[in-house]
Number of protein chains: 2
Amino acid sequence: MSHSVYSCLMSVDRIQVLRAAAALLTRKATATMDEVARAAGIGRATLHRHFAGRDALVRALEELGLQELEAAHDRARTEEGPADEAVRRLVAEVEPVAPLLSFLVTENQLFEGDQQNEGWERLDARVSALFRRGQEQGVFRIDLTPAWLTEAFYGLVGSGAWAVQDGRVAAKDFQYMIAELLLGGARRSVEK
Amino acid sequence: MSHSVYSCLMSVDRIQVLRAAAALLTRKATATMDEVARAAGIGRATLHRHFAGRDALVRALEELGLQELEAAHDRARTEEGPADEAVRRLVAEVEPVAPLLSFLVTENQLFEGDQQNEGWERLDARVSALFRRGQEQGVFRIDLTPAWLTEAFYGLVGSGAWAVQDGRVAAKDFQYMIAELLLGGARRSVEK
DNA sequence: ACCGAGTGAGACATTGATGTCTCACTCGGG
DNA sequence: CCCGAGTGAGACATCAATGTCTCACTCGGT
């Protein structure tokens, strides 16, 4: 019995395999189970022993991503202080999960309504609440709905992840580019 | 011989089939050739007569999307006037192509380097030039690279298309939401 | 040294999409 | 009216990925 209780029903092996899978699928979303197995340094049979099938693998990745995003929110303490600063902290904490997030988002678009993991709703609610809080604080404009700002947040994080991956943006600029555009926009403003 | 010369080597039938395919694949990127055929109201055999295979179909859609995006640029006259107004015009003209654009972008991420259609480079260059022009005019901030602004533009248009499709944003707000966020950001500014 | 759980490699069967082909049918021009 | 190009429906063969199974091997604990 080599299993040991880690985090939440995840053995150490599972987590490592999942990380490798995430790293690969993030770059090549259509990767084969065989490719995933090789990338994780294990045999295809063993991969199947961990995850019943490709579907189960993606679900597990979804679970991992959701956990990490929730953790990012917690660390960023998005309920505290000025909303714009909270957004900056959130972008910073989300950066490591960005590629996985963008994979899951595009993958989710394929789940045409079947049954969405309720984790996304909770996450959406958290991001949305942040923007709403900012509006109530008078820090954010009220003519852009929290729902749209949430959507835009995901979109920009995804775009940023791809831009970095393809070398069109330096990795060190990731946080700045996203936070600045999201908060301040492209237009040059007098107040800075 | 029912073929007639339209636009650019495209018969009328082809265009109509492509439009139907775009409408479907935009919603369900993994749709079967059979589903595409049904959606276009033709038989699978006929679909194959028009497009050698799924690959050829996607390439044709890419070509269609590129043409429409170039046309949108032309109509928006992105080389004229203040850059921020040009961006607004561009967003407005791009709106009808947004779903197709977002499909092609996510699809392109799968073409891992094989051979990219050079049309994208030309398009990127055009968008990028617009932002660079804005910077030179002093209208846009210079600390966000044109490359990133271009990427963010695509990302926001894609996010907007999905948000509208899922009903999270009203279709009539599409242009405003994107242009305002891209230009002015989320933060409430004193100058308005 | 033995033993057994877990593994990797490979051999299958299965499934779903794809591509090709044939064959009636239709519809429009001659 | 007839003819033929183009079509839709369906019958295949093909191919790739998947899922399942077996078998020999390894390595850690005893």
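For the numbers below, each heavy atom of this structure counts, side chains included, while hydrogens, waters and symmetry mates do not. Order of the sequence lines fixes the chain letters, A, B, ..., with proteins taken first and strands second; residue numbering starts at 1 for each chain.
Counting only distance, with no hydrogens or angles, the side chain of R89(A) and the backbone of R77(A) share a donor-acceptor pair below 3.5 Å.
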Passes salt bridge (Lys or Arg N to Asp or Glu O under 4.0 Å), R188(A) versus D84(B)? Steps please. CA-CA 10 Å; R188(A) 185 174 177 183; D84(B) 54 348; over 6 Å; no
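In the set dG10(C), dT7(C), dC21(C), dT7(C) carries the atom at the smallest distance from any side-chain atom of R49(A). Comparing dT20(C), dT7(D), dT7(C) by their closest approach to the side chain of H48(B) singles out dT20(C). In this structure, the nucleotide among dT7(C), dG19(C), dT7(D) sitting nearest to the side chain of D13(A) is dT7(C). The nucleotide whose nearest atom lies closest to any side-chain atom of T32(B) is, among dT18(C), dT7(D), dT18(D), dT18(C).
At whole-Å resolution of the value, CG in L57(A) and P in dG19(D) are 10 Å apart. Whole-Å rounding puts the F51(A) CZ to dT18(D) C1' distance at 16 Å. In this structure, D34(B) places its CG atom 11 Å from C1' of dG10(D), rounding to the nearest Å. In this structure, H50(A) atom NE2 and dG6(C) atom P are separated by 10 Å, rounded to whole Å.
For the OP1/OP2 pair of dT7(C) and a distance below 4.0 Å, the side-chain nitrogens and oxygens of T46(A) include no atom meeting the criterion.
Take the nearest nucleotide of DNA chain C for L47(A) and for D55(B): the residue whose nucleotide is more 5' is L47(A). Residue M33(A) is the one, among A45(A) and M33(A), whose nearest nucleotide of DNA chain D lies closer to the 5' end (criterion: closest heavy atom).
Side-chain atoms of R44(A) and base atoms of dG19(D) include a donor and an acceptor less than 3.5 Å apart.
With sequence neighbours excluded, no residue forms a salt bridge (Lys or Arg N to Asp or Glu O under 4.0 Å) with R49(B). Qualifying salt bridge (Lys or Arg N to Asp or Glu O under 4.0 Å) partners for E93(B), counting only residues two or more places apart in sequence or in other chains: R75(B).
Base pairing analysis places dC23(C) opposite dG8(D); the two distances defining the Watson-Crick or G-U wobble pair are each below 3.5 Å.
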